[in-house]
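Take a look at this one; I'll ask things after.
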Amino acid sequence: LDGRDFGVLVATTRAGDQLDDTDQQLLQAVAREMGVALDNVRLQAAERKGLQDYVLAVTAAQEDERKRIARDLHDDAAQSLVLLSRGLGRLASDNGLPEPQAAEAEYLREMVRGTLESVRRASRDLRPAVLDDLGLAPALEWLVGRMAELKTIEAEFVVAGERRRLQPDQEVAAFRIAQEALKNVEKHSGADAVTVTLSFSDRSLVLEVIDNGRGFEPTAATGHAKLGLLGMRERAELVTGRLNIASRPGDGTTVAFELTLDEPFER
């Protein structure tokens with residue numbers, strides 16, 4: 001009534017019995033308490049929905065900012081460093097330049113090259129263009145390939161099922177979960193092998209990051225490790241996915257993210 005939900009509390013008696021005033025007052029009190037409880041449940045649900053919408057909006061804004069900064073680094077800073085490197089290269093190769101100055105120019109050119117690579121790496125870490133352009137599977141393949149380049153951890157990427165594009169927020173969530181899981185493998189696990197598996201089916205996507213490291217007790221995680229786990233869970237929940245972390249000391253770790261899919265996203 002008046003935009004509010006309406007319910008009926010029905011009480012039955014045995015044949016021949018009747019409710020007296022005390023019984024009716026008791027039932028009215030019970031009905032009022034049930035109404036208050038239902039109102040509280042609705043309010044809590046609305047608050048959770050509002051909080052989820054807020055976190056989703058903040059996360060989207062963060063990703064947009066990452067994309068903008070990555071684009072600026074690539075288009076402005078990186079291009080300027082490329083031009084500077086070329087100019088120093090021409091200066092270093094100028095036959096009329098004294099040897100000390102030519103050597104200094106070559107030294108500065110090498111410094112610029114190193115800075116350029118750092119800028120490009122930062123741009124890719126912030127928001128790899130392959131994620132937006134080609135999708136989740138190629139982005140994860142790139143991410144795992146970067147870990148393999150470290151030579152300290154044997155990294156493998158496996159795709160099962162037919163690859164397809166997902167909704168942009170779903171692809172970002174899965175990528176960030178994998179990125180955080182691999183960062184944990186590199187920094188904390190002590191593993192020498194990790195496998196990232198991406199499994200597509202008609203109605204679901206399953207992402208698994210499995211390492212052979214020292215393992216840990218998930219409920220006992222503290223500090224940055226705990227924040228990382230919370231961040232992955234939050235990412236999963238924002239796209240109505242499920243995250244499971246299976247680990248125990250001495251037995252490696254499996255991070256599994258499962259997502260129920262609707263219709264595929266067509267870029």
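Source: prediction; values computed, not measured.
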Heavy-atom check, side chain of Glu208 versus side chain of Ser199, under 4.5 Å: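 No, side chains not in contact.
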Presence of salt bridge, Lys183 and Glu180, under 4.0 angstrom: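 Result for this pair is yes, salt bridge flagged.
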Residue list, side-chain hydrogen bond (donor to acceptor under 3.5 Å, both in side chains) with Glu258, at least two apart or on another chain: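 For Glu258 the side-chain hydrogen bond (donor to acceptor under 3.5 Å, both in side chains) partners, ignoring immediate neighbours, are Arg242.
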Approximate separation, where rounding is to 0.5 Å, of Ile210 CD1 and Thr197 OG1: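 It is 5.5 Å, given to the nearest 0.5 Å.
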Thr254 and Val209, any side-chain heavy atoms less than 4.5 Å apart: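 Not touching, per the 4.5 Å side-chain cut-off.
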Residues forming a side-chain contact (heavy atoms from CB on, under 4.5 Å) with Glu106, sequence neighbours excluded: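 With sequence neighbours excluded, Glu106 shows a side-chain contact (heavy atoms from CB on, under 4.5 Å) to Ala92, Arg109, Glu110, given in chain and number order.
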Minimal non-hydrogen separation, Ile153 against Ala191, with atom names: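 Minimum heavy-atom contact is CG1-O, 3.6 Å.
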Stepwise side-chain contact (heavy atoms from CB on, under 4.5 Å) test for Trp142 and Phe157: CA-CA 9 Å; Trp142 166 80; Phe157 179 58; over 6 Å; no
Verdict with supporting geometry, Leu198 and Leu140, side-chain contact (heavy atoms from CB on, under 4.5 Å): CA-CA 9 Å; Leu198 192 62; Leu140 291 179; 3.9 Å; yes
Min side-chain heavy-atom separation Asn184-Phe216 under 4.5 Å: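 When only atoms from C-beta onward are counted, Phe216 and Asn184 do not touch, as no gap falls below 4.5 Å.
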Side-chain heavy atoms of Thr260 within contact of Thr240, under 4.5 Å: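 Thr260 vs Thr240: side chains apart.
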Leu229 side, atom CG; Met232 side, atom CE - distance, nearest 0.5 Å: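 Going from CG on Leu229 over to CE on Met232, the span is 5.0 Å.
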Separation of Glu171 CD from Leu205 CG (nearest 0.5 Å):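 Those atoms lie 9.5 Å apart.
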From Ser189 atom OG to Asn212 atom CG, the distance as rounded to the nearest 0.5 Å: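 Going from the OG atom of Ser189 to the CG atom of Asn212 covers 7.5 Å.
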Heavy-atom pair with the smallest gap, counting every atom of Leu259 and Gly241: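 Result for this residue pair: CD1-CA, 4.0 Å.
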Check: Ser201/Ser204 side-chain N/O donor and acceptor closer than 3.5 Å: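 Yes.
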Partner residues of Arg214 under the side-chain hydrogen bond (donor to acceptor under 3.5 Å, both in side chains) criterion, sequence neighbours left out: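 Arg214 satisfies side-chain hydrogen bond (donor to acceptor under 3.5 Å, both in side chains) with no other residue.
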Atom of Ala174, atom of Leu136 and distance for their closest heavy-atom approach: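 Minimum heavy-atom separation between Ala174 and Leu136: CB-CD2, 3.7 Å.
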Test: Arg248 and Glu217 ion pair at under 4.0 Å: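 No, no charged N to carboxylate O under 4.0 Å.
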From CA spacing to verdict: side-chain contact (heavy atoms from CB on, under 4.5 Å), Met147, Val144: CA-CA 5 Å; Met147 173 164 276; Val144 174; 5.5 Å; no
For the student: nearest non-hydrogen atoms of Val172 and Arg235, plus distance: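 Residues Val172 and Arg235, closest heavy atoms: CG1-NH1, 3.9 Å.
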Heavy-atom pair of closest approach, residues Ala139 and Val130: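 Shortest heavy-atom separation between Ala139 and Val130 comes out as CA-CG1, 3.7 Å.
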Straight-line distance of Asp202 CG to Leu261 CG, nearest 0.5 Å: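 Interatomic distance, Asp202 CG to Leu261 CG, rounded to 0.5 Å: 9.5 Å.
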Residue that, paired with Val196, satisfies side-chain contact (heavy atoms from CB on, under 4.5 Å) out of Leu182, Val159, Val158: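 Only one of Leu182, Val159, Val158 forms a side-chain contact (heavy atoms from CB on, under 4.5 Å) with Val196, namely Leu182.
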From Phe257 atom CZ to Gln170 atom CD, the distance as rounded to the nearest 0.5 Å: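 Going from CZ on Phe257 over to CD on Gln170, the span is 7.5 Å.
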Arg86/Val82 under side-chain contact (heavy atoms from CB on, under 4.5 Å): CA gap, chis, key distance, verdict: CA-CA 6 Å; Arg86 290 174 180 173; Val82 167; 3.6 Å; yes
Donor-acceptor contact below 3.5 Å, side chain Ser247 vs main chain Gly252: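 Answer holds: yes.
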Check: Met111 main-chain N/O paired with Thr115 side-chain donor or acceptor under 3.5 Å: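 Yes; at least one donor-acceptor contact below 3.5 Å.
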